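To start, the structure under review is shown below, and the notes come after it.
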Amino acid sequence: MSTATVTESPSEVLVEIRDLVIGIQRTRADRLILVDSADFDIRRGEILGLVGESGSGKTMVCRSLIGTLKRRSATIFGGTIMFDGMDLAKIDERRWRSVRGNRIGYVPQSALTGPNPVMTIGGQLVEAVRCNRNRTERDARKRAMELLDLVHIRRPEVVYDQYPFQLSGGMRQRVMIAAALAQDPDIILADEPTTGLDVTVQAEIMKLLREIRTEFNMSVVLVSHDLALIDDVCDRLVVMHGGTCVEVGSVKEVAQNPKHPYTIALNRARIELATPGTQLITIRGNPPGVGEWPSGCRFSERCEFVQDDCRVGASPPLLEVESNHWSACIHAGELGAASE
Amino acid sequence: MMFGFEKGTTQVSLSMPPADVTDIAADSTQAGPRPQPIWERILRRTGRAVIVAFWVMVVAFMLIRLAPGDPVSAALGGEASPETVAALRTQLGLDVDPITQFWKYLWAFTQGDLGSSLLSGVPVTEMLKTNLPVTLWLIAITVTMTMIVSIPLAVFIALVRIPALPYVFRTLTAIGLALPSFLVALLLLYQFGLIWGIAPIFGYEPGFPANLHYLWLPALVNCVVLVPVLSRVLYSSILDTLDEEFVETGVIRGVKSYRFFWFYVLRPSLAPTVVLLSYMMGVMVGSTVILESIFALPGIGRELVTAVSMRDYPVVQGIILVFGVLVVFLSLLGDIVASLLDPRVKLT
Ligand SMILES: Nc1ncnc2c1ncn2[C@@H]1O[C@H](COP(=O)(O)OP(=O)(O)OP(=O)(O)O)[C@@H](O)[C@H]1O
Ligand code: SF4
Ligand SMILES: [Mg+2]
């Protein structure tokens, strides 16, 4: 296991996502569903991993947590996102302003295009510090410097006046993390924060995220393709496939005792990859495309444990198969023996 | 064994020795190099502009002498006696070889003397003093009008999400692009000048804003060519910008709408348009020759046409030199403005 301290006993639940449905209203009668019955909690002080193949809906879930779905013409069609007595799925733009950036911070995917290219680092940080709040220029500047220091940027007074193009990818991502921390939020969403960074820089960024979690008891939602990275950094993980959550549990539990064939396959693919000399195997078939989901379990086309009853009805819901370990496989109970 | 979440199999190991981490961290925590100050870059570009101007001078000098005929035969016609011709050639300084002529010209140039018209005897510098402002004003008004139309148009099409609008926009701009500008000039002159009578069909009055009355129509002709190109470029860069992630961060920070519009939408999108406009204006300098002839404006473009037909060497050389400097200067100006707007644009 990783060096992260895994909280075995469930701690305080911060965000409760239930049956979340996200989609695009294309015409009055035509809805394209992108995410369907997402179901998981975010607990205080945990690093929660969100994994799944490309197109599984990870980014959509993140956007629903930060209230920027509308920009991409997507909407929440159902479900609830309970956060501090509010249902984020239903609040209006005015209420969002007090949540976004203030209570929930966001670290964008690409270090290259995350910072605004036409503003100095300082200018952006001041903006983040002032986010819907009255603060004097001097105050904000002081806080911005503090933030740069917090993410271990040396000579912050130099970086303050620089433009993003003058910084390396790793630096830019540090700055984005600093900006996300500006309001001391409860949660930080990091959507694949290390895309395009090399492995060593990636490790530094992860180290920083963990440090922040420990120091401020913040929750971090870390989206990634990379299961290895999730293993190292996260406490719990949510596995997404075809727009639904298929498995939720602590990293340790899911690693030792996976309860969904998709997770099993992901793990195997990863281990084969990491073992030199073996052929590259990937998961059989392609992830089901949005709008082309099969009936019943969406993994049925690719699943090696598939049975007839998997293909009928609605997508199977997440069930707590063991304490604090959920799976959406209707044959979860039979997997243990088969996968040994 | 199947689910080795052990460290050995992971791609990223966070248990690397601290020394290592700090070592590498030097890369991602250190400030980058300071950029060259902007004036240094401007100076370098200006230096290059001087070199370009010199070569423009050489080429103009050669080209006009390569054209058949010379000022003497243009002035005297074919029937003059050889003695008269020789006398005039000596008087005009054309009896020495071209290389010597060029050195003389260059020497005079360094004294601020561009020679005098072979026909009227008026110094070229004097001529430029009266004619160049007309052309410069035409360019300035063209740029202003183009920006005033292109920016709101592109912003509107990009931000107001009406499904059919981009399609209509593309079609109309394609039509605008396909029209030859002399035809546009004639059509507009006919419509605005003759039918509606709201624009003068010839004439000029120096000084702003009096000249506006005479220049708005020729500038409009330029706009018909420029607006489709520029608004299209701006439109697509705004769409690209809106798709970028920093826009998301701006939304999250709740940036005030006017600030948002400027810092997160327009400013990051403007650079390509500004650079393109400055280059296009360089091309347009050539088209002022046609426009000034059609609208009978006393600018250097029309002067050039007369001078070329009369083989008035010093005038042709002087005007081409000015055109060359103008093109170089406009593109420099465009690059400077673009790099001030968007620091990603490097002034090379
Ligand atoms: N505006 C849209 N119209 C149609 N489909 C969309 C739209 N936006 C997103 N999608 C689709 O929604 C699905 C989920 O997208 P999302 O970005 O959440 O996936 P992801 O898990 O984040 O993938 P990645 O790992 O590639 O980032 C994708 O298949 C995507 O093609
Ligand atoms: S429900 Fe059936 S098809 Fe789906 S993962 Fe479980 S066994 Fe495979
Ligand atoms: Mg994504």
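Keep in mind it's a predicted model, so treat the numbers as computed, not measured. Throughout, protein chains are lettered first and strands after them, A, B, ... in sequence-line order, and every chain is numbered starting at 1.
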Fill in the blank from the handout: Applying a strict 4.5 Å limit to non-hydrogen atoms, the region of B:V255 in contact with chain A is side chain
Calculate, to the nearest 0.5 Å, the distance between atoms [atom1] and [atom2] belonging to [X] and [Y] respectively.
| X | Y | atom1 | atom2 | value |
| --- | --- | --- | --- | --- |
| A:T113 | B:D240 | OG1 | CG | 11.5 Å |
| A:D191 | B:E245 | CG | CD | 7.0 Å |
| A:N116 | B:T249 | CG | OG1 | 7.0 Å |

Under 4.5 Å from any heavy atom of chain B, what part of [X] do you find: side chain, backbone, both or neither?
| X | answer |
| --- | --- |
| A:P108 | both |
| A:Q183 | neither |
| A:R72 | side chain |

Practice task
With the side chain counted from C-beta on, respond yes when A:R71 and B:V247 share a heavy-atom pair under 4.5 Å apart, and no when they do not.
Solution key: yes
Practice task
Would you indicate whether the side-chain heavy atoms of B:R267 and A:M119 approach each other to under 4.5 Å?
Solution key: no
Practice task
Using a cut-off of 6.0 Å, state whether more than 12 heavy atoms not belonging to B:F260 lie near its atom CZ.
Solution key: yes
Exercise for the section: Could you note down all residue pairs passing salt bridge (charged side-chain N to carboxylate O under 4.0 Å, His left out) where residues 100-111 of chain A supplies at least one of them, sequence neighbours left out? Expected result: A:D84-A:R103, A:E93-A:R100, A:R103-A:D186
Completion exercise
Most heavy-atom pairs under 4.5 Å with chain B, out of A:Q124, A:R97, A:R130, A:M176, belong to A:Q124
Problem - Largest heavy-atom contact set with chain B, pairs under 4.5 Å, which of A:G114, A:G169, A:G101 - result: A:G114
Fill in the blank from the handout: Nearest heavy-atom contact between A:T68 and B:I252 is CG2-CG1, 4.2 Å
Practice task
Search all heavy atoms of A:P117 against all heavy atoms of B:P343 and return the closest pair with its distance.
Solution key: O-CG, 3.3 Å
Exercise for the section: For A:R94, check salt bridge (charged side-chain N to carboxylate O under 4.0 Å, His left out) against everything at least two apart and list the hits. Expected result: none
